[in-house]
Amino acid sequence: MTIYRGTFLDTPDNPFTGGGLRVDADAGLLVRDGVIVARGPFGDVRRAHPAEGIVDLSGGLVLPGFVDTHVHFPQIRAVGGLGLPLLEWLDRYALPEEAKMADTGYAAGVAAEFVRGLAAAGTTSALVFGAHYADAVDVLFSAASGVGLRITSGLVVSDRLLREDLLTTPERAYTESHALAKRWHGVGRNRYAVTPRFSLSCTDDLLATCRTVLDEIPGSLFTSHVNENEAEIAAVAELFGGSDYVSTYEKHGLVDRRSVLAHNVHPTDVELKMLAEGGAAVAHCPTSNAALGSGLFPLSRHLQYGVRVALGSDVGAGTGFSLLKEGLQAYFCQQLIGDQGCALSAAHLLYLATAAGADALGLPEVGDLSVGKRFDAQLLRPADGSPLAVGVEHADDAEEALARIFTLGTPADVHAVWIDGELLHN
Ligand SMILES: [Zn+2]
């Protein structure tokens, strides 16, 4: 067993429903086989377990590992394609990279960059949009397993409107999805996600197949996109006989506790009600929404209807892997909405980047650092003399220090990352 000594910040109680930031300075967390088995003042934990090794993390702040609920593995080399709205951006930047995934060697290079990028940003769990090619998804799971990340991913499927080389058929999607799930679902920290790109590029036959696959793989998740951009929403309505976007999934039984839908920038009240009643979660991706000019996320309305929300980086439309940056942008977004915005504190941002994501992804074993949870954690320790180090040093309290971390922090400030108590990088 190991005792981790340090200052720990987490949000075991939802700050949107009366909880707040938990701060334990000079605490000790006793970890056995990756699980936190005791927690308290360091002196007490030390006295109770005098023979155990100590890892001293003083001089920084320890947070739970981040949970990224929406990120595209094939798009890391497409980050920074500025100046276009969604559908044009897809054609110009994203889909050409998606097509390159047909080359498994190319995909392996991207997968290595991708998992390194996630881990370096302090992200320990992620729901990952895979590739349209089964071999590329295989390569992603291999790379994630090599690093030890907690990944849920799957084959991305589409059978209309995209470029020809990205299309499949319901039959092929069924066979390839099952083959991947058989290889990876429940193996190590990997799980399978049924992943139609968006209903814009999927026929009802393909979405029905997605439901079948989801039901046949117990413990799998469902993920896709919804209500991101006005032109996209209009095109979906036209294709589905005037239907709203959420209904295109809901009519196939794809809106429930297993579902994580990205964006939802422009939902109707009826759609929010449907999401809440089904128990689906929404991945809020604020830098992507700003970069593509998709709009300002109506967080207050989601909360009002009881829709679960967590953060996603949405690389490559998003502007990087760091959920610190997404948290800051989420804050900016709510400020810009004005009276209808939801005032976010540092505790809210941490919750959205950790415990809310764990809840959205059905990972009750992570998200905070309570006894019984897995030790998925990150040490934030900015370089001496950097603006962040100065800010943290002069903060009045831990919540103010955390606000400065969200404001100024980058992956360069993530000094170390653990999953199940295993150190990923240092
Ligand atoms: Zn996306």
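Note that ligands are numbered from 1 as they come in the structure, with each ligand's atoms numbered from 1 the same way.
The ring of Tyr4 has its center closer than 6.0 angstrom to the ring center of Phe375. Checked against a 6.0 Å centroid threshold, the rings of Phe321 and Phe66 do not count as neighbours.
Note on ring orientation: taking the six-membered ring where Trp is involved, the planes of His263 and His225 are parallel (angle under 30°, cut-offs 30° and 60°). The aromatic rings of Trp89 and Tyr93 sit tilted relative to each other, their planes meeting at an angle between 30° and 60°.
Here 4 is the count of protein N, O or S atoms positioned under 2.8 Å from the Zn ion (ligand 1), waters not counted.
A donor-acceptor pair under 3.5 Å is formed between the side chain of Asp10 and the backbone N or O of Leu369.
If you run side chain to side chain donor-acceptor pair (under 3.5 Å) between Trp184 and each of Asp138, Asn190, Thr152, only Asp138 comes through.
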